[in-house]
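So the structure is just underneath, and the comments pick up after that.
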Amino acid sequence: RPIAMLLALLAGGLVALGLQDGGGGALWPDALAAFGVSKGAFGFLSGLGAVLALPVLLVSGRLTARIDKRLLMAGSALLLAVACVGLSFGSGLALFAAILTVRAVAITLLDLSTNAVVMEVEADTGRHLMSPLHAGYSGGAVGGAALAWGAFALGGGMRAVYLILAALFAVY
């Protein structure tokens, strides 16, 4: 029973990563327009966010050994919720840069903590679980894009989708 709950939590983390990539990817043109950010600035800031998340990767082994991985997963989901709320209501280049940085760190933390727990469960059970659980990411990406499509089809917009994503991350 506990292993089933843990697997559901892990699958949820990977689905969450997919949701933000699929939904966010469909919404970037609207977000850029809402924040008044050019495609060039977006490309630069996206790369900068990844570079700023690099130190998290460099200490990831120590981080996941010292901090409860479930706490890291929950904290990163809350950071993603904060980023989504910021994308819903914010404006301006500086805030957009901050949101992309928070988002990059959150994605990094969620990915590494989820993968660390999956590896532990694989070692404990002798079962290969990484591939089936990572299928949740792909499903989440499709689900995020479908969420954006559905919101736009019903007359909603970018802000509604990001608020729904924020609520999902908060629940997770």
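What you are looking at is a predicted structure, and each value in this text was computed from that prediction instead of being measured.
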Would you sort out whether Phe169 and Leu165 count as a side-chain contact (heavy atoms from CB on, under 4.5 Å), showing the intermediate values?
CA-CA 6 Å; Phe169 294 134; Leu165 288 173; 4.0 Å; yes
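- Heavy-atom minimum distance, Gly86 versus Ile99: C-CD1, 3.4 Å.
- Tracing side-chain contacts under 4.5 Å through hydrophobic residues (I, L, V, M, F, W, Y), one never reaches Trp149 starting from Leu168; they form parts of separate clusters.
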Please set out all donor-acceptor pairs under 3.5 angstrom arising from side-chain atoms of residues 32-56, sequence neighbours excluded.
residue : atom : partner : partner atom : Å
Ser38   : OG   : Ala41   : N            : 3.1
Ser46   : OG   : Phe42   : O            : 2.9

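- Between Leu78 and Ala170, the shortest heavy-atom distance links the atoms CD2-CA, 4.2 Å.
- Counting all heavy atoms, side chain and backbone alike, Gly24 lies closest to Tyr162 at CA-OH, 3.8 Å.
- Of the inter-residue distances, the one linking Thr108 atom OG1 with Arg103 atom CZ reads 10.0 Å to the nearest 0.5 angstrom.
- Under the 4.5 Å side-chain contact rule for hydrophobic residues, Leu100 and Val85 do not share a cluster.
- Atoms CG and CG, from Leu27 and Leu87 in turn, are 9.0 Å apart once rounded to the nearest 0.5 Å.
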Throw together a table of side-chain donor-acceptor distances under 3.5 angstrom for residues 136-144, partners on residues two or more places apart or in other chains.
residue : atom : partner : partner atom : Å
Tyr137  : OH   : Asp21   : OD2          : 2.4

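- Here the closest heavy-atom approach between residue Ala26 and residue Ala148 is recorded as CB-CB, 3.9 Å.
- Across all their heavy atoms, Met73 and Ser113 have their closest contact at CG-OG, 3.1 Å.
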Output side-chain donor-acceptor pairs under 3.5 Å for residues 114-125, partner residues at least two apart or in another chain, one line each.
residue : atom : partner : partner atom : Å
Thr114  : OG1  : Leu110  : O            : 2.7
Asn115  : OD1  : His134  : NE2          : 2.9
Asn115  : ND2  : Asp111  : O            : 3.1
Asn115  : ND2  : Asp111  : OD1          : 3.1
Glu120  : OE2  : Lys69   : NZ           : 2.9
Glu122  : OE2  : Leu129  : N            : 2.8
Glu122  : OE2  : Met130  : N            : 2.8
Thr125  : OG1  : Val121  : O            : 2.8
Thr125  : OG1  : Arg127  : N            : 3.2

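- Cluster annotation: Val82 is not connected to Leu109 through the hydrophobic network of ILVMFWY side chains, with a link wherever side-chain heavy atoms come within less than 4.5 Å.
- Taking all atoms of both residues into account, the shortest heavy-atom contact from Met158 to Phe152 is N-CZ, 3.7 Å.
- At a threshold of 4.5 Å between side-chain heavy atoms, the hydrophobic network of Ile, Leu, Val, Met, Phe, Trp and Tyr places Trp28 and Leu95 in one connected group.
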Derivation and outcome, side-chain contact (heavy atoms from CB on, under 4.5 Å), residues Tyr172 and Val15
CA-CA 10 Å; Tyr172 175 73; Val15 168; over 6 Å; no
